[in-house]
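Here's the structure, in structure tokens; my notes come after.
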Amino acid sequence: MAGTFQSIRGIHDGLPAEVARWRHIEQIARTTFARYAVHEVRLPVLEPTELFVRSIGAATDIVSKEMYAFVDQGNDHICLRPEGTAGAVRAYLQAGLTRAGMQRWYYCGPMFRRERPQKGRLRQFQQIGVEWFAAPGPVSDVEILAMAHAFLQALELSDLRLELNSLGCTRCRPAYRAQLVEFLRQRAEALCRTCHERTEKNPMRVLDCKEPGCQQQLQDAPEIIDHLCSDCATHFQQVRTGLDALDIAYHLNPRIVRGLDYYNRTAFEFVTDRLGAQGTVLAGGRYDGLVRELGGPDTPAIGFAAGLERLAMLVRESSLPTPDVAVVALGQETLAWSMRQAEYLRGQGLAVVHCGGGGAKRQFKIADREGARYALIIGADEMRQQLVTLRDMRSGEQRAMRIEELPASLTT
RNA sequence: GUGGAUGUAGCUCAAUGGUAGAGCCCCGGUUUGUGGUACCGGUGGUUGUGGGUUCGAGUCCCAUCAUCCACCCCA
């Protein structure tokens with residue numbers, strides 16, 4: 001269509017068929033999360049830019065080149081949120097909830113990252129996110145994983161696998177990191193160009209490089225799992241024991257690296273092979289240091305985010321609800337009365353469309369296309385007798401009745 | 001940000017450099033009170049956009065925009 005407006009690149013419309021799928025997923029999230037006593041929050045889409053610089057990390061791709069950040073008319077530096085966790089922590093602190101005990105939150109809403117679009121990657125996308133604050137022990141890790149698992153199960157998503165890792169903490173990670181960098185530098189010759197950059201910027205990323213040549217070099221690379229401090233090792237072991245107790249299968253993947261700086265200890269991803277290169281459908285982990293980093297007290301926390309559009313690509317076709325009744329008004333003089341009957345039925349809780357009057361054939365075609373279960377035929381004859389004719393659009397059976405009888409006669 | 005593929009009717013797609021077509025959808029008719037089948041007819045296009053080459057461009061060239069796929073990154 002030349003000359004018409006187009007949505008911004010990578011920002012798509014949610015049309016009815018797609019939204020039906022989203023609603024289905026959201027509804028399952030709500031019912032699943034409710035069983036874990038998790039409560040919904042609705043947080044701003046606009047946040048101070050600095051919030052993400054401080055939380056996600058200035059060096060990350062998200063902050064350094066993907067944020068929709070701008071200066072507004074009042075000279076404030078604000079941005080469209082690229083993810084949900086930082087805003088949730090900000091709200092948690094702003095509301096003074098640090099002494100209110102464990103907070104279990106979920107949210108659903110749009111996030112924004114200015115990336116190159118591709119399958120499963122949009123510039124505006126929706127996340128269903130969960131954040132638990134003041135959630136210290138491995139029990140929280142296990143339970144939030146169990147909840148994510150239950151959510152995906154309820155969606156009847158098959159061939160998803162859970163990959164699990166521990167990223168260590170500020171005590172054990174630096175030493176490991178130094179050891180890894182040392183290892184990588186020794187092999188720098190054999191590594192690809194991007195891995196050279198990663199060695200300096202984010203060495204753990206080198207581990208999941210897709211170059212076969214790099215992977216070959218990395219076979220005996222040191223893995224964080226083997227270098228956890230005793231607290232982290234114990235924590236991780238307890239998480240694994242808990243998952244086993246709940247019969248939740250997982251693969252240890254020592255090479256999972258969470259992209260955002262604030263993660264520590266437990267990191268996890270639910271992954272599918274059905275989505276091409278963007279196979280992570282739900283991912284998260286522990287971020288014990290973030291609340292403090294943003295000015296609050298030491299507060300252990302854990303969370304995850306699921307990509308709504310990615311989930312929607314995996315969920316089987318969901319159909320739009322169709323009307324119960326389509327009103328066919330025959331003859332100009334019946335129009336007003338027919339609209340009153342339609343309103344009456346809507347008042348009785350039925351979904352009703354009016355076919356707009358005019359030719360009978362045209363209106364029945366509309367009733368058919370709308371997928372209405374019944375047609376309600378109102379002609380001059382019916383109106384004179386204060387009756388309506390109900391036609392079953394599948395069987396073709398018709399029956400005249402008073403409008404008040406109609407709702408009860410549909411119950412089958 | 002890098003690379004590759006693709007843009008023709010609402011949709012899916014045709015058209016050796018020589019008058020832009022089909023199927024589906026839509027609208028109408030055969031049936032002025034009966035849909036989903038059938039038959040008949042009809043609407044609908046600056047060929048994504050802007051340049052260039054040519055007597056002539058949907059077709060060749062350049063640029064640009066968008067979509068898709070991959071890298072990168074991530075949900």
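Below, read A as the first sequence line, B as the second, and so on, with proteins coming before strands; counting in each chain starts at 1.
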*Polar pair under 3.5 Å, donor/acceptor by atom type, side chain A:Gln398, base B:U34*: yes
_Pairing donors with acceptors under 3.5 angstrom, does anything connect the side chains of A:Asp141 and A:His235?_
yes
_Should the side chain of A:Asp368 and the base of B:G35 be counted as holding a donor-acceptor pair, with the cut-off at 3.5 Å?_
yes
*asked:* Please give the stem ranges for RNA chain B, sorted by first residue number, where a stem is three or more consecutive Watson-Crick or G-U pairs and both donor-acceptor distances are under 3.5 Å.
replied: B:1-7 with B:65-71, B:10-13 with B:21-24, B:26-30 with B:38-42, B:48-52 with B:60-64
*What nucleotide among B:G28, B:C68, B:G33 has an atom nearest to a side-chain atom of A:Ala360?*
B:G33
*Just by distance, do the side chain of A:Asp392 and the backbone of A:Tyr374 share a donor-acceptor pair under 3.5 Å?*
no
*Take atom P in B:A9 and the same atom in B:G4, then report the distance between them in whole Å.*
26 Å
*State whether the distance check finds a donor on one side and an acceptor on the other, under 3.5 Å, for side chain A:Glu382 versus base B:G33.*
yes
_5' precedence on RNA chain B between A:Gly307 and A:Gln6 (nearest-nucleotide basis)_ = A:Gln6
*Would you indicate, yes or no, if B:C68 has its OP1 or OP2 atom less than 4.0 angstrom from a side-chain nitrogen or oxygen of A:Arg121?*
no
_Side chains of A:Glu18 and A:Trp22 only: does a donor on one sit below 3.5 Å from an acceptor on the other?_
yes
*For A:Arg391 and for A:Arg369, find the nucleotide of RNA chain B with the closest heavy atom, then tell me which residue's nucleotide is more 5'.*
A:Arg369
_Over all strands shown, is A:Leu311 touching base, sugar-phosphate only, or nothing at heavy-atom distances under 4.0 angstrom?_
nothing
*asked:* Can a donor-acceptor pair be found, under 3.5 Å and without considering hydrogens, that links the side chain of A:Asn264 to the backbone of A:Asp288?
replied: yes
_At 4.0 Å (heavy atoms only), tell me whether A:Gly276 reaches a base, stays on the sugar-phosphate, or touches nothing._
sugar-phosphate
*Taking the side chain as every heavy atom from C-beta outward, state whether A:Tyr287 and A:Arg265 have any pair of such atoms under 4.5 Å apart.*
no
_Once hydrogens and angles are ignored, does a donor-acceptor distance under 3.5 Å link the base of B:U2 to the side chain of A:Arg116?_
yes
*Under 4.0 Å between any heavy atoms, over every strand shown, what does A:Lys361 touch: base, sugar-phosphate, or nothing? Just pick one.*
base
*asked:* Categorize A:Ala305 for me: base, sugar-phosphate, or nothing, with a 4.0 angstrom heavy-atom threshold over every strand shown.
replied: sugar-phosphate
_Using a heavy-atom cut-off of 4.0 Å across all strands, would you classify A:Ala380 as base, sugar-phosphate, or nothing?_
base
*Output all residues satisfying side-chain contact (heavy atoms from CB on, under 4.5 Å) with A:Thr170, sequence neighbours left out; order by chain, then residue number.*
none
*So what does A:Ile366 touch, heavy atoms closer than 4.0 Å: a base, only the sugar-phosphate, or nothing?*
nothing
_Any base atoms under 4.0 Å from A:Val281, or only sugar-phosphate, or nothing? Heavy atoms, all strands._
sugar-phosphate
*Looking for any heavy atom pair under 4.0 Å, which part of the strands does A:Gly84 touch: base, sugar-phosphate only, or nothing?*
nothing
_I'd like the C1' distance from B:A70 over to B:U59, given in whole Å._
29 Å
*So, the side chain of A:His354 versus the backbone of A:Gly356: is there a donor-acceptor pair under 3.5 Å, distance only?*
yes
